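These figures come from a predicted structure and were not determined experimentally. Just so you know, residue 1 is the first one in the sequence shown, and it goes up from there. Order of appearance sets the numbers: ligands from 1, and atoms from 1 within every ligand.
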Amino acid sequence: MKKIPIIMDCDPGHDDAIALVLAFASEKLAVKAVTVTGGNQTLAKTLGNAKKVLSYIGKRPRLAAGADKPMFRELEVAEAVHGASGLDGPILPETDYKEEPVSAVDLMRRIILDSPEPITLVPTGPLTNLGILFTAYPEVKKNIARISLMGGGIESGNWSAAAEFNILVDPEAAEIVFTSGLPITMCPLDVSHKALMLPGDLEALRKHGGRVSVMVAELVEFFYQYHLAQGFAGAPLHDPCAVAWLIAPELFKTAEYHISIETQGKYTTGMTFADRRFWTDAKPNATVCLDIDRPGFIRLITEACRSYG
Ligand code: RIB
Ligand code: CA
């Protein structure tokens with residue numbers, strides 16, 4: 001079966017780590033590179049976390065560090081959610097796995113332009129690396145098939161009442177992405193807040209006992225604490241949604257919306273504004289995931305964990 005060639009752009013981050021586990025386990029995806037951005041924690045921490053997670057699951061893809069701050073703003077991290085390390089919970093071994101001495105943008109550009117078939121980009125953090133890539137090297141767009149991203153919120157935000165973290169950290173980069181003209185699959189909070197890993201699902205991972213299953217259980221256990229305090233019944237696995245849509249789109253219910261990014265609003269900066277008027281002449285620019293078959297999604301995650309032994 002022909003695999004979809006992808007580049008993961010992430011800010012590990014607990015759910016980014018699980019998205020990496022899912023992507024590398026899938027028979028349907030060929031991960032050509034992993035690029036890292038500041039976001040959940042500083043770039044130094046997210047890069048270190050990416051190296052530890054990838055080494056731990058036995059993968060050493062092409063790897064490059066990207067932006068350490070948004071295009072025009074200061075970096076805001078999510079320490080309350082992901083901890084001081086950005087990946088609190090499991091203790092992962094140190095690794096000698098090294099990133100390449102090029103920027104994420106240069107690595108993405110080389111891989112995209114050299115690829116015999118169009119590449120799918122899977123950003124699961126702030127969109128700074130993509131914003132810089134499309135600005136500096138617009139010619140790459142001709143060999144990009146799709147962007148499948150986690151970000152935004154149609155009904156509400158999580159980092160402000162109006163804005164989701166990935167978009168709020170770098171709204172200008174998000175605007176560049178959503179006006180790129182490229183096909184976009186958007187996995188906003190509307191779907192990721194339904195993509196819950198429940199305590200019972202955690203038990204199943206622990207019962208399996210494989211090293212990756214146990215790592216994921218420890219990641220989710222930590223990640224769940226913040227969300228439990230907010231009243232969630234489980235841990236929302238935001239980033240794996242962007243990977244799962246590529247593997248099993250039938251798990252999702254979607255709508256075609258025109259999404260605009262607010263970059264100026266006193267209360268609404270970072271908002272992903274969907275034009276949902278049925279009479280609108282605004283051409284949709286995103287396939288927006290709004291609902292998910294949660295048990296099917298969890299099955300995908302647990303089968304991926306088991307596949308590592
Ligand atoms: O709002 C959720 C998103 O912000 C996820 O990508 C999480 O990893 C954080 O980056
Ligand atoms: Ca993320």
Any nitrogen or oxygen of His238, main chain or side chain, under 3.5 Å from a nitrogen or oxygen of ligand 1?
no

What protein heavy atom sits nearest [atom], and how far off is it?
atom: atom 3 (C) of ligand 1; answer: Glu164 OE2, 3.3 Å
atom: atom 10 (O) of ligand 1; answer: Asn166 OD1, 2.9 Å
atom: atom 8 (O) of ligand 1; answer: Asp15 OD1, 2.6 Å

Answer yes or no: is there a side-chain heavy-atom contact under 4.5 Å between Glu256 and Val288?
no

Numbered atoms of ligand 1 (with element) below 4.0 Å of Met150, judged on heavy atoms:
2 (C), 3 (C), 5 (C), 6 (O)

Pairing of [X] and [Y] as salt bridge, 4.0 angstrom limit:
X: Lys253; Y: Asp190; answer: no
X: Arg60; Y: Asp96; answer: yes
X: Glu76; Y: Lys69; answer: no
X: Arg306; Y: Glu303; answer: no

Does any N, O or S atom in Met150 come within less than 3.0 Å of the Ca ion (ligand 2)?
no

Has Asp15 got an N/O/S atom less than 3.0 Å from the Ca ion (ligand 2)?
no

In terms of its nearest heavy atom to atom 6 (O) of ligand 1, the top option of Asp239, Thr37, Leu149, Asn40 is Asp239

Between Phe222 and His82 (judged by ring centroids, cut-off 6.0 Å), do the two rings come close enough to count as a pair?
no

For ligand 1, does Asp11 get within less than 4.0 Å through its side chain, its backbone, both, or neither, judged by non-hydrogen atoms?
side chain

Does Arg211 qualify as a cation-pi partner of Tyr308, given the criterion of NZ or CZ under 6.0 Å from the six-membered ring centre and within 45 degrees of its axis?
no

What N/O/S atom of Asp11 gets nearest to the Ca ion (ligand 2)?
OD1

From Ile119, Asn143, Val140, residue fulfilling side-chain contact (heavy atoms from CB on, under 4.5 Å) relative to Ile111
Ile119

The OD1(Asp16)-the Ca ion (ligand 2)-OD2(Asp239) angle, to 10°, is 70°

